[in-house]
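All remarks here apply to the structure that follows.
We name chains A, B, ... by the order of the sequence lines, and we start the count at 1 in each one. Bear in mind the structure is a predicted one, so any value in this text is a computation, not a measurement. Just so you know, these numbers use all the heavy atoms, side chains as well, and skip hydrogens, waters and symmetry mates.
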Number of protein chains: 2
Amino acid sequence: MISSISELISDRIGAMPAGERRAAQTLIANYPLTGLKTVAEFSAAAGVSSPTILRFVARLGFQNYPEFQSALQDELAAQLQSPASRTLNPASPGSSSAVSPMLEATLDNMRETFRHLSDKQLADIAATLAGRRGKTFLIGGRFTDPLARYMAAHLAIIQPDVYHLAGQESIWRDRLIDMGKRDVVVIFDIRRYQESLVRFAEKAHQRGVQIVLFTDQWLSPIARFARHVIAGRTAVPSAWDSSAALFVVAETLIGAVTRQLEAAGAKRIRDLESLR
Amino acid sequence: MISSISELISDRIGAMPAGERRAAQTLIANYPLTGLKTVAEFSAAAGVSSPTILRFVARLGFQNYPEFQSALQDELAAQLQSPASRTLNPASPGSSSAVSPMLEATLDNMRETFRHLSDKQLADIAATLAGRRGKTFLIGGRFTDPLARYMAAHLAIIQPDVYHLAGQESIWRDRLIDMGKRDVVVIFDIRRYQESLVRFAEKAHQRGVQIVLFTDQWLSPIARFARHVIAGRTAVPSAWDSSAALFVVAETLIGAVTRQLEAAGAKRIRDLESLR
DNA sequence: CAAAATACGTAACATACGATACAGCGCTCC
DNA sequence: GGAGCGCTGTATCGTATGTTACGTATTTTG
C-alpha cells in the first residue's frame, strides 16, 4: 500500500541506476521542495543532468514533469490543510477519546483560520461594519443562516438599521431596492454554494453595496463581488462540514465592532435597557 | 515587523485594487499552494487575468514571478523543516491586538467544556436524539436561538419530525399540546436566562417530554427539569458572552447522531437528493 | 577480453510560460 | 457633468522550460 510519493520513491530507489538514485536522495533530503523547482534547478541540486531527472520521474510512473509536480502539490495541500495529522506527536496528552478527533479538528480549524486572518483585516472589517453610513443586512445559506442570525442579533443591539434577511428568495431580493453605496451586506456561504445567494450578491454589488463574505477555504463564487472575504476552515471528521471556525470569527467581529462603537453603543444599550 | 509573505499580504491587502485583492484572498485562502502554481492557474483560480497576478506580486515588492515563487518556497522549506515553529502566533507578542486573547479564551472554553463532558454523556444524548420515538423540537433564547436553528437544520435532514420553534412565545407555547413522553425538546438558554423559556420547559417537563439543555456553566434554572444538561464555558474578553463552545458541542452531537443513524440516515439523504 | 546493452550527458527543438504594450472602462475629483 | 487618472483585460512577444534525439561513456555478459 503506497500512498505518498516519498514512499513510492523509497520503495523503488533500490532498483534505480546511480544518477537517478542521486536525484531520489536529493529529493528525499528536503522533500518535497526540490521537486517543485524547475528541472534545471533540480538537476543542479542533484548534480546530474536534466534528462536524468526526467527519466527519474518517468520511472516513478509519471507521464511528464508537470504531472509529477502536480502530484507533489496535491500531497502538500493535503498536508497543509490538516495540520493535525502532522502534529500527531506527543502533544496534548490525556484526552484521546471518541469525541477528541472532532474537537481536535475543530480547534485546528480555528487556529488555521485565524492564522490566515490578520488583526488588521479584522479591524478593517469591523470598521466597515461600525462605520457604515447606511444599513447593515445579513443573510446566510442553508446551514449558515443561523450564523447570520446570531451576528444580527448582536449587531442590532449596538447600532440601528441592522436587518437579517430571511424567508423566501423573492422577499430579500426585493429589498435590494433599498440598498446603496452606504450599505453593507454580510453574506455567509459555504459549499455547496447557493445559486440564489450568488445572484443576490451580484445584484447587490452592482448597486454599490459593500459585501463582507464568510465562506470556506475554497471560496464561494461570491468572493468575486466581495469587499472583504473571510475564509474559514470547515473540514472535520464528520458527515458534515463545520461552521465553528466561522462562528468564532463572527463572535470576534461582534466584539471588535462593539469596542469601536463603545461610546455610541453604550448609550444605546442603556436606552434599550430602559425600554424593558 | 513583517516576516512572512502572508503577513505582508494581509498588511497591504487594504490598499489594493479589487482585482489584486481577489488574487490576494485566493492565495491566502489556501496558502501558499496557489502561489506555487503557474500564473495562468493562479489567475484562473482567482478569476482574474494573468497581468493582474503579475501586478499583484509586483506590488508585494517582487521583481518577477519566479522570485515571488522562490520566496514562497523558502518560507515553506523553513516551515517544513521545523514543525515546532508551526505553533500559532509566536510572533505578535502582546500587541494590543485584542484578537488573540479572544481566540485563546475561546479555545480554552472549548477544552474546558469538553473536559467536563464525558464521551458517555455525549453518546447518551446522541442516543436520546437518535432513538426518540416521537418528535424533536428545538428552541433557544435571544442569542442562542440561531444555535437551535443550526442544529435543527442538520437533524431535520437525517430524521423526520424535527421542528424548530420560532416566533412569538404564544406560538410555541401552544405547540406544547402536541408533545408527550416520546418527544424530545432541545433548549438553549444562557444568561440572562429567559423567563419565557423556563415556563416553557416546566410545562414540557410536566407533560413528560425529555429535555436536553444547552446552558452556561452557571446553569439555567431549566436544568432542574432537564434530562441531560450540557454546560459550556462562555467567558471571553468581550462585552458579550461566547456561545462558541456550545456551538461546537452542538456540531459534535450532530455528528454523533448522524453516525448512529447512519443506515437510516443515508437512505433518507439519498431520497432528499432525488427530490431536488 | 570482446561485444552488447544500458546509462548518461550534450545539444537542438517546440511548447508554454511569464512579461509587456495598449486600449477600453469605470471611478473619482473638480 | 466633464476631464483626468487608475485599474483591468486582450493580444502579442521573447524566453525559459520541458522534452527528445543522438553520441559517448560505463557497465554487464558470454
Side-chain angles (χ1 to χ4, degrees), chain A residues 9 12-27 32-73 133 180-183 202-211 221 223-227 229, chain B residues 9 12-27 32-73:
Chain A
I9 294 172
R12 301 196 187 173
I13 195 171
M16 288 182 188
E20 299 180 28
R21 193 174 312 138
R22 288 183 63 184
Q25 283 161 346
T26 308
L27 175 57
L33 239 108
T34 312
L36 296 177
K37 301 182 184 290
T38 67
V39 174
E41 288 173 301
F42 192 166
S43 66
V48 297
S49 69
S50 324
T52 300
I53 299 298
L54 295 175
R55 283 187 283 262
F56 162 67
V57 303
R59 190 182 300 267
L60 292 179
F62 298 97
Q63 294 300 321
N64 47 33
Y65 196 70
E67 181 180 309
F68 164 72
Q69 286 191 320
S70 296
L72 282 180
Q73 287 187 359
R133 307 288 198 85
K181 296 191 176 186
R182 299 139 65 102
D183 301 324
E202 181 169 13
K203 302 248 178 60
H205 176 67
Q206 285 168 1
R207 298 186 65 85
V209 181
Q210 294 207 44
I211 295 178
R224 182 188 160 81
F225 312 114
R227 181 68 211 279
V229 176
Chain B
I9 294 172
R12 303 196 186 173
I13 195 172
M16 288 183 189
E20 297 178 32
R21 191 159 46 222
R22 287 178 58 190
Q25 283 158 350
T26 308
L27 175 57
L33 244 116
T34 310
L36 296 178
K37 299 180 184 291
T38 67
V39 173
E41 287 173 301
F42 191 165
S43 67
V48 298
S49 67
S50 325
T52 299
I53 300 297
L54 296 175
R55 281 187 285 262
F56 163 67
V57 303
R59 190 181 298 267
L60 292 179
F62 297 98
Q63 294 300 323
N64 49 31
Y65 195 71
E67 181 181 309
F68 164 71
Q69 285 191 321
S70 296
L72 281 180
Q73 287 185 358

Q: Determine whether Leu27(A) and Phe42(A) make a side-chain contact, defined as any pair of heavy atoms from C-beta on separated by less than 4.5 Å.
A: yes
Q. Looking at side-chain heavy atoms only, is the closest gap between Val209(A) and Lys181(A) below 4.5 Å?
A.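 No, side chains not in contact.
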Side-chain ([X]) to main-chain ([Y]) donor-acceptor, under 3.5 angstrom:
{"X": "Arg21(B)", "Y": "Met16(B)", "value": "yes"}
{"X": "Ser43(B)", "Y": "Val39(B)", "value": "yes"}
{"X": "Arg22(A)", "Y": "Ala46(A)", "value": "yes"}
{"X": "Gln69(B)", "Y": "Lys37(B)", "value": "yes"}

Q.
Both Ser50(B) and Ser49(A) contact DNA chain C. Taking the nearest nucleotide for each, which residue is further toward the 5' end?
A. Ser49(A)
Q) Taking atom CZ of Arg224(A) as the centre, does the number of heavy atoms from other residues, nucleotides or ligands within less than 6.0 Å exceed 12? A) no
Q. Which is the 5'-most and which the 3'-most nucleotide of DNA chain C that has an atom under 4.0 Å from a heavy atom of chain A?
A.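 With heavy atoms of chain A under 4.0 Å away, the range is dA7(C) to dT10(C).
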Q) Phe56(A) vs Phe68(A) aromatic rings, parallel, tilted or perpendicular, using cut-offs 30° and 60°? A) perpendicular
Q: Quick one: pull up OG1 in Thr26(B) and CD1 in Ile53(B) and give me the separation to the nearest 0.5 Å.
A: 7.5 Å
Q) Looking at DNA chain C, which of residues 51-68 of chain B put a heavy atom within less than 4.0 Å of it? A)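 Pro51(B), Leu54(B), Asn64(B), Tyr65(B), Pro66(B) - these, ordered by number, are the residues of the stretch whose heavy atoms sit under 4.0 Å from the strand.
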Q | Near-strand residues of residues 35-47 of chain B, defined as heavy-atom separation under 4.0 angstrom from DNA chain C | A | Thr38(B), Val39(B), Ala40(B)
Q) Does the pair Glu41(A) and Thr38(A) meet the rule for a side chain to side chain donor-acceptor pair (under 3.5 Å), with working shown? A) CA-CA 5 Å; Glu41(A) 288 173 301; Thr38(A) 67; 3.2 Å; yes
Q. Can you pull the side-chain hydrogen bond (donor to acceptor under 3.5 Å, both in side chains) pairs that have at least one residue in residues 56-68 of chain A, sequence neighbours excluded?
A. Glu20(A)-Arg59(A)
**Q.** Degree of bending, the helix from dC1(C)-dG30(D) to dC30(C)-dG1(D) (end axes from five pairs; round to 10°)
**A.**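 The end axes of the helix from dC1(C)-dG30(D) to dC30(C)-dG1(D) are about 30° apart, to the nearest 10°.
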Q | Of all pairs that satisfy salt bridge (Lys or Arg N to Asp or Glu O under 4.0 Å), the ones with a partner from residues 45-54 of chain B, not counting sequence neighbours | A | none
